[in-house]
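Positions are given from 1 along the sequence.
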Amino acid sequence: MDSAVNNMVHTTLAMQQAQVVQEAQFSVFKDALDGQAAHITALMDSVVEPQLATSGSVGTQINTTA
């Protein structure tokens, strides 16, 4: 009977440890994703939309570089 209780306690403690490790890994993963999102946002904000040509017969009505 005592070995069953000891096994249950050991299993419970192991599961708690695994949960703590998993939460730490998730936190690091989330921080990495947030950092990547910030970099992508900065990159997207830095993109300049091409302007239409202002003179000539090509590109004044439709952006032909698209």
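When the side chain to side chain contact (heavy atoms under 4.5 Å, CB included) test is applied to Leu13, the partners found at least two apart in sequence or on another chain are Val9, Gln16.
Identified under the side-chain hydrogen bond (donor to acceptor under 3.5 Å, both in side chains) test for residues 28-39, with sequence neighbours left out: Lys30-Asp34. Among pairs with a residue in residues 8-28, none fulfils salt bridge (Lys or Arg N to Asp or Glu O under 4.0 Å), at least two apart in sequence or across chains.
Side-chain heavy-atom separations under 4.5 angstrom define the hydrophobic clusters, and the remaining members of the one that includes Met44 are Ile40.
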